[in-house]
Amino acid sequence: MTFSRTLMAACTAAAAFAWGATLPTPSQAQTMTLKAADVHPAGYPNVVAIEHMGKKLEEATKGRIKLQMFPGSVLGGEKEMIEQTQVGAIQILRTSLGPIGPVVPEVNVFNMPFVFRDEAHMRAVIDGPIGQEMLDKITASPAKLVGLGWMDGGSRSLYTKKPVRTPADLKGMKIRMMGNPLFVDTMNAMGGNGISMGYGEVFTAIQTGVVDGAENNPPTLFTANHYQAGAKYYTQTNHLIIPEIFVMSKVTWDKLSKDDQALVKKFSREAQMEQRALWDKSVADYTAKLKAAGVEFINIDNKPFYDATAPVRAKYGADYATLIKRIEATK
Ligand code: BDP
C-alpha cells in the first residue's frame, strides 16, 4: 500500500467515526463528542444545566466524553430536532414534552391541560416513580430515544394583543400552539382557535397578524421577544404545566459502555435538580423584565378555563385512568 493510500484509509476511518468513536473494541471505552441541542439561547437555565452536565461527564471520563451545545434553534425546530435525534445526528436534545406526544403517545398524560395542580405537584410527579416510569416508557418505545431526565418549564399562560380575562374574550382569536393536536384541542376548548406552528415562526406570525397571540412561560416570552411583536397582555391562565425533557439518541446510548451509561444517568438526575434552581431565579428575573418592558400581567380566576378543558382531559386521558389517579394522589 502506498503512503497516500494508507493516509486515505486513515482519513476514511476518521470520517466514519467523525463524532468521535474510537475503533469499537469491546474492552475499550468510547471517545466521543456529544452534540446537544436546544431552541433556547445560551444562558437559558435548560442550556446551562446541560452544558454543566457535559462538563461533569468530561471530567469524570478524563476527556473521553465531551459535549458541545448548539443552542438557539441553530439545528432546527423541535420537531426536526426530534427526528435528528432519532437517527443519531443529535445526541442529546432538550425539548418540550409537547412535540414528543405525537411520537410517544403515552407522554400526552403530562401534556394535558390542568393535569397538575401546580408546579410543586408537577415536580413531585417527575421526581418520583411516575416520572421514572414515563422516562422508561419513552426508552422502551420504538421512538429510538432514551429518556434521561426532566426539566421545569413552569406554567404556560396566554399572551395576546388584546386583553383576555374569560373564555368568551378568546372568541375569534387565533392562538399559536405547539405541534401536537392535543394543544389545538385545548385552545379550541378554551374558547380560541388553536393554530399549530413551530416556535421559530411565532414572532412573525404575531407581528403580521397571522395569529393574535400565543402561550408560554415568562422566560420564553421574554427571550423570544414575542411581546415586542405586539403581544403585551399576559393572562395568567396557567393552563399547561408541561415538564420539559432531555433525551439521548438510542443510537448513541447503545454505543456507551454500561459504566458510561450509569454516569450519564447520574449526571442527568443532577441536571434535573440544577435546572430547577436556575429556573426559579429566571422566572423571577424575566417576569420583572417583562413588566419593566410594559407587559401587563392579568391575574384571573382560571376556573372557567379549567372547566372548559374537561373534555380534552376526558379524551386524552381515557386510556390512562389509573395513571391519572396516581398523579392526582401524588402529594
Ligand atoms: C418553551 C419550551 C420549548 C418550546 C417552546 C414552544 O421550553 O421547548 O419549544 O416553549 O412553545 O417553553 O415551542
Side-chain angles (χ1 to χ4, degrees), residues 36-50 69-85 90 92-103 107 110-111 113 116 119 122 126 145 147-160 174-184 186-187 192 194-206 210-211 213-227 229 231 234 236-247 271-272 275-276 278-280 282-283 285-287 290:
D38 200 310
V39 293
H40 290 302
Y44 200 91
N46 310 8
V47 173
V48 173
I50 295 290
M69 173 58 75
F70 293 82
S73 301
V74 289
L75 299 183
E78 285 184 345
K79 184 175 181 289
E80 296 77 38
M81 292 202 292
I82 290 168
E83 287 163 8
Q84 290 184 59
T85 310
I90 290 174
I92 293 185
L93 174 65
R94 196 294 310 163
T95 172
S96 168
L97 195 64
I100 298 278
V103 184
V107 307
F110 284 3
N111 283 331
F116 300 111
E119 288 169 35
M122 184 275 283
I126 58 172
L145 301 171
L148 294 184
W150 300 106
M151 289 195 181
D152 197 326
S155 300
R156 295 175 77 103
S157 282
L158 271 174
Y159 48 89
T160 44
K174 294 189 289 293
I175 305 294
R176 178 270 172 171
M177 304 301 284
M178 284 190 286
N180 181 333
L182 189 163
F183 301 134
V184 172
T186 297
M187 185 44 59
I195 308 281
S196 168
M197 185 184 286
Y199 178 57
E201 287 136 55
V202 183
F203 184 93
T204 309
I206 295 173
V210 168
V211 295
E215 43 86 60
N216 223 310
N217 52 53
T220 302
L221 173 55
F222 187 84
T223 53
N225 285 324
H226 292 165
Y227 63 102
Y234 191 67
Q236 299 195 275
T237 44
N238 297 325
H239 54 280
L240 290 169
I241 302 181
I242 308 176
E244 318 219 288
I245 190 166
F246 51 108
V247 292
Q272 176 164 329
Q275 185 265 355
R276 183 167 306 177
L278 297 169
W279 177 257
D280 287 340
S282 90
V283 173
D285 285 355
Y286 288 126
T287 300
L290 286 167

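As a basis for the values below, the full set of heavy atoms in this structure was taken, side chains included, without hydrogen atoms, waters or symmetry mates. Start at 1 and go down the list; that is how both ligands and their atoms are numbered. From a predicted model like this one, the values you see are computed outputs, not experimental measurements.
At a heavy-atom cutoff of 4.0 Å, ligand 1 is contacted by no atom of E201, backbone or side chain. The proximity of N217 to ligand 1, defined as any non-hydrogen pair under 4.0 Å, is limited to the side chain.
In this structure, of M151, H40, M178, E78, the residue bringing a heavy atom nearest to atom 8 (O) of ligand 1 is E78. Between the choices L97, D38, D152, N216, the shortest heavy-atom distance to atom 12 (O) of ligand 1 belongs to N216.
Here the shortest heavy-atom pairing between W279 and G154 reads CZ2-N, 3.4 Å.
The nearest heavy-atom contact from the protein to atom 2 (C) of ligand 1 is E244 OE2, 3.0 Å.
Aromatic ring centres of Y159 and Y227 lie farther apart than the 6.0 Å criterion allows.
Side-chain polar atoms of S282 and D285 form no donor-acceptor pair below 3.5 angstrom.
In terms of modelled atom types and a separation under 3.5 Å, the side chain of N217 and the main chain of G153 share a donor-acceptor contact. When atom types are taken as modelled, the side chain of Q272 and the backbone of W150 share a donor-acceptor pair closer than 3.5 angstrom.
Below 4.0 Å from some heavy atom of S96 lie the following atoms of ligand 1, by number and element: 8 (O). Within ligand 1, the atoms closer than 4.0 Å to a non-hydrogen atom of R176 are 6 (C), 11 (O), 13 (O), numbered from 1 in the order shown.
Polar contact with ligand 1: absent for Y199 (N/O pair, distance under 3.5 Å).
If you run side chain to side chain contact (heavy atoms under 4.5 Å, CB included) between R156 and each of L221, L240, T237, only L240 comes through.
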